[in-house]
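Note that the structure is predicted; figures quoted are calculated from it, not measured.
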Amino acid sequence: AGWVAERLFEQGAYERAGRCYEAAGDFRHANVAFVKAAEAQSNAAERRLSAQRDQAKTLFRQVEQSFH
């Protein structure tokens, strides 16, 4: 399970790597992998929120322009 975890970590599949590290009993590396997974999810959520904000601004501008 350890070498599978290393490959998954290298590929950026951090959550899956963390589970493999846990199965191998390597809890230190499992924790690192889970932290990386949380960071990746947080960054993705931040990008989605930013995109939604930009869409809302665009929609507001379009509505505003339609009244002028």
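The side-chain hydrogen bond (donor to acceptor under 3.5 Å, both in side chains) contacts involving residues 56-66 comprise nothing, where partners must be two or more places apart or lie in separate chains. Among residue pairs with one or both ends in residues 16-38, those qualifying as salt bridge (charged side-chain N to carboxylate O under 4.0 Å, His left out) are Glu15-Arg19; sequence neighbours excluded.
Note on Trp3 and Phe9: separate hydrophobic clusters, where clusters join Ile, Leu, Val, Met, Phe, Trp and Tyr whose side-chain heavy atoms are under 4.5 Å apart, directly or indirectly.
Partners of Ala56 according to the side chain to side chain contact (heavy atoms under 4.5 Å, CB included) rule, which considers only residues two or more places apart in sequence or in another chain, do not exist here. Taking the side chain to side chain contact (heavy atoms under 4.5 Å, CB included) definition, one finds that Glu6 meets it with Tyr21, sequence neighbours left out. Shown here are the side chain to side chain contact (heavy atoms under 4.5 Å, CB included) partners of Ala1, two or more places apart in sequence or in another chain: Ala23, Ala24. Taking Asn43 as the reference, Glu46, Arg47 meet the side chain to side chain contact (heavy atoms under 4.5 Å, CB included) condition, with sequence neighbours excluded.
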